[in-house]
Amino acid sequence: MTTISFPDHRSLDFIGLGRLCIDLNANEIHRPMEDTVTFTKYVGGSPANITIAMAKLGLRTGFIGRVSDDAHGRFITRYLQDAGIDTKHVIVDRSGSVTGLTFTEIKSPTDCSILMYRDNVADLKLEPGDVSEDYIQSARALLISGTALAKSPSREAAFKAMELAIRHGVVIVFDIDYRPYTWTSADEIGTYYRLAAEKSDIIIGGREEFDLIEALDGPLMQDDEATAKQWFKHRAKLVVVKRGGDGSTAFSADGQKHVGAVFPAQVVKTFGAGDSFAGAFIYGLMQGWSIDRCQQFGSASASIVVSSHSCSDAMPTASQIQERIDRFVQQGI
C-alpha cells in the first residue's frame, strides 16, 4: 500500500502559505455578473481554503501570509483565529496594500466564473524575512500555493519556505493554483512552477495547470502518466491530476495509478471543489490511509462544498464527510 511518510513529534500538522483574500459570491444566482446586485462575503484564496479545511478536520494548523491594514485584513485574521488556525505569522502589511477580491458569477451549476482584483495585494508583499525557520520546522507538512510565485517578494518567500522545509524533513505539498492575474508571461509561469514542482513531495493540479509547465518543452502530450513520471525524477512521491467533474487520478512513485470517482451532488457552483478535495485528501494522507481512501474522502468533501454557496464556510468535518460516503457507498462509489 502506497503511503506518504510525515515526520512525527511536531507542534503543528500543517502550515499553509500564500493567498489570503475575500470571496464575494453572487447571491442572485443563474444570472450574469453584470445583472448581480448583492454578494456575500467569505474568506477565500486556495491556500486559505485548504488550511481551513484541514482545521475543520481537526488538524493543528498555521498560516504564513500578509493581510492588508484595514477591515478586510482584520476580517481574514479573525476568521482564521476563530477556525483554530495559528496566525502568529499572518502579518499586517503596512505599505498601503489592499486585500485581493474575487467576485463570483453563478449562471448555472456548470457555468460559473470568477473576476479577481489582484493589483497591489497584501498577500504578494510576503517577504523572505517573514518566513521563520523555527516555524517551518514545527510542522509536519507545508502547503505552497502557485499564486504565491507570481510576483516578488512573495516568490522568494515561498522558495525560502520550501528550502527550510526540505532541510527539516517537512513534507511539501505544491498546489499549482494557477490564476492568470499578476503573471507577465507564459515562460515566467512555466519556469517558476517547474522550480517549485522540483522541490515538492506532493504535487496537485488540474490537467491544464500541468500543461502550463510542460509547454516549455514543446508540443503538449497531455499524458497524465508521463506528467507524473517527469516529477518522480525529482522529489515527488505523489502526483494528483484533477479533471473537475471527471474526478482525479493519483500516481505514486512506486508505479501505482489510482483513479478517483466523483460523488453525486446537488451542485450550486463549481468553484471550491478543488480546495475541499485537496484538504480532505491531504488529511487522509496524514492519517496514513491508502491513496484510494484519500481520493474517496476528498471527492466526498468536494461534493459537499459544491452543494453550498460558500467555499471556506462549507468545509466539512470528518464526520460529515464520512456520512456522505456511507450514504452513497451502496452505489459503488
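Note that these values count all heavy atoms, side chains included, but never hydrogens, waters or copies made by symmetry.
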- Message: Is there a side chain to side chain contact (heavy atoms under 4.5 Å, CB included) between Phe6 and Asp13? Walk through the geometry before answering.
- Response: CA-CA 9 Å; Phe6 293 85; Asp13 294 305; over 6 Å; no
- Item | Donor-acceptor under 3.5 Å (Arg140 side chain, Asp8 main chain) | no
- Message: Could you walk me through whether Ile202 and Ile282 satisfy the side chain to side chain contact (heavy atoms under 4.5 Å, CB included) test, starting with their C-alpha distance in whole Å, then the side-chain angles of each, then the deciding distance to 0.1 Å, before giving a yes or no?
- Response: CA-CA 9 Å; Ile202 302 167; Ile282 299 165; 5.8 Å; no
- Message: Could you walk me through whether Asp254 and Ser252 satisfy the side chain to side chain donor-acceptor pair (under 3.5 Å) test, starting with their C-alpha distance in whole Å, then the side-chain angles of each, then the deciding distance to 0.1 Å, before giving a yes or no?
- Response: CA-CA 5 Å; Asp254 61 2; Ser252 53; 2.5 Å; yes
- Message: With side chain to side chain contact (heavy atoms under 4.5 Å, CB included) as the criterion, how do Ile85 and Val90 come out once you've worked through the C-alpha distance, each side chain's angles and the decisive distance to 0.1 Å?
- Response: CA-CA 10 Å; Ile85 297 167; Val90 175; over 6 Å; no
- Query: Are Leu143 and Phe210 connected in the hydrophobic side-chain network, where two residues link if heavy atoms are under 4.5 Å apart?
  - Reply: no
- Basic-acidic side-chain contact under 4.0 Å: Lys229, Asp223: no
- Task: Could you pull out the closest heavy-atom pair between Ile64 and Asp130, with the gap in Å?
- Result: CG2-O, 4.3 Å
- Are Val121 and Leu17 connected, step by step, through hydrophobic side chains (Ile, Leu, Val, Met, Phe, Trp, Tyr) whose heavy atoms are closer than 4.5 Å? no
- N/O donor-acceptor pair under 3.5 Å between Lys269 side chain and Ser310 backbone: yes
- Before giving the answer on side chain to side chain contact (heavy atoms under 4.5 Å, CB included), spell out for Glu198 and Leu195 the whole-Å C-alpha distance, their side-chain angles and the decisive distance to 0.1 Å. CA-CA 5 Å; Glu198 288 174 354; Leu195 289 171; 4.2 Å; yes
- Task: Measure the CD-CZ distance between Glu208 and Arg243 for me, rounded to the nearest 0.5 Å.
- Result: 8.5 Å
- Query: Could you state the interatomic distance from NE2 (His30) to CD1 (Ile106), rounded to the nearest 0.5 Å?
  - Reply: 8.0 Å
- Task: Treating Ile, Leu, Val, Met, Phe, Trp and Tyr as nodes and any side-chain heavy-atom pair under 4.5 angstrom as an edge, say whether Ile4 and Met162 lie in one connected cluster.
- Result: no
- Note on the structure: Sorted by chain and number, sequence neighbours left out, ring pair (Phe, Tyr, Trp, His ring centres under 6.0 Å) with Phe75 holds for none
- Task: Would you check if the side chain of His72 reaches a backbone N or O of Cys21 as a donor-acceptor pair within less than 3.5 Å?
- Result: no
- Query: Which of these passes salt bridge (Lys or Arg N to Asp or Glu O under 4.0 Å) with Arg19: Asp123, Asp177, Asp175?
  - Reply: Asp177
- Query: Between the main-chain N or O of Asn25 and the side-chain N or O of Tyr42, is there a donor-acceptor pair closer than 3.5 Å?
  - Reply: no
- Cluster link Phe263 to Val267, ILVMFWY, side chain under 4.5 Å: no
- Got a salt bridge between Glu163 and Arg167, using NZ or NE/NH1/NH2 to carboxylate O under 4.0 Å? no
- Message: Quick check on the hydrophobic clustering: are Ile166 and Tyr135 connected, directly or via other members, by side-chain heavy-atom contacts under 4.5 Å?
- Response: yes
In a table with atom names and distances, give each donor-acceptor pair under 3.5 Å that connects a side chain of residues 48-58 to protein atoms at least two apart or in another chain.
| residue | atom | partner | partner atom | Å |
| --- | --- | --- | --- | --- |
| Asn49 | ND2 | Asp275 | OD2 | 3.0 |
| Thr51 | OG1 | Pro47 | O | 2.7 |
| Lys56 | NZ | Asp313 | O | 3.3 |
| Lys56 | NZ | Met315 | O | 2.8 |

- Query: How long is the span from the CG atom in Asn27 to the OG1 atom in Thr104, to the nearest 0.5 Å?
  - Reply: 9.0 Å
- Query: Going by distance alone, is a donor N or O of one side chain under 3.5 Å from an acceptor N or O of the other, for Asp292 and Ser290?
  - Reply: no
- Query: Do Thr184 and Glu188 get their side chains close enough for a donor-acceptor pair, meaning under 3.5 Å?
  - Reply: yes
- Inter-residue atom distance Met286.CE - Ser5.OG, 0.5 Å rounding: 10.5 Å
- Over-ring placement of Arg155 relative to Tyr192, 6.0 Å and 45° cut-offs: yes
- Query: Any luck finding a side-chain donor-acceptor pair between Thr36 and Glu105 under 3.5 Å?
  - Reply: no
- Which heavy-atom pair separates Phe174 from Ser200 by the least distance, and what is that distance? CB-OG, 3.1 Å
- Task: Answer yes when Glu127 and Arg66 have at least one side-chain N-carboxylate O distance shorter than 4.0 Å, and no when they do not.
- Result: yes
- Query: Within the distance-only criterion (no hydrogens, no angle test), does the side chain of Thr87 pair as donor or acceptor with the backbone N or O of Gln81 below 3.5 angstrom?
  - Reply: no
- Does Val171 offer a backbone N or O that forms a donor-acceptor pair with the side chain of Asp201 under 3.5 Å? no
- Mind checking whether Phe277 and Ser301 have side chains closer than 4.5 Å, heavy atoms only? no
- Item | Donor-acceptor contact present, side-chain Thr249 to main-chain Val241, <3.5 Å | no
- Go through the side-chain N and O atoms of Asp134 and Ser132 and say whether any donor and acceptor fall under 3.5 Å apart. no
- State the CD1-CG distance between Ile213 and Leu220, to the nearest 0.5 angstrom. 11.5 Å
- Note on the structure: Interatomic distance, CD1@Ile291 vs CZ@Arg293, rounded to 0.5 Å, equals 14.0 Å
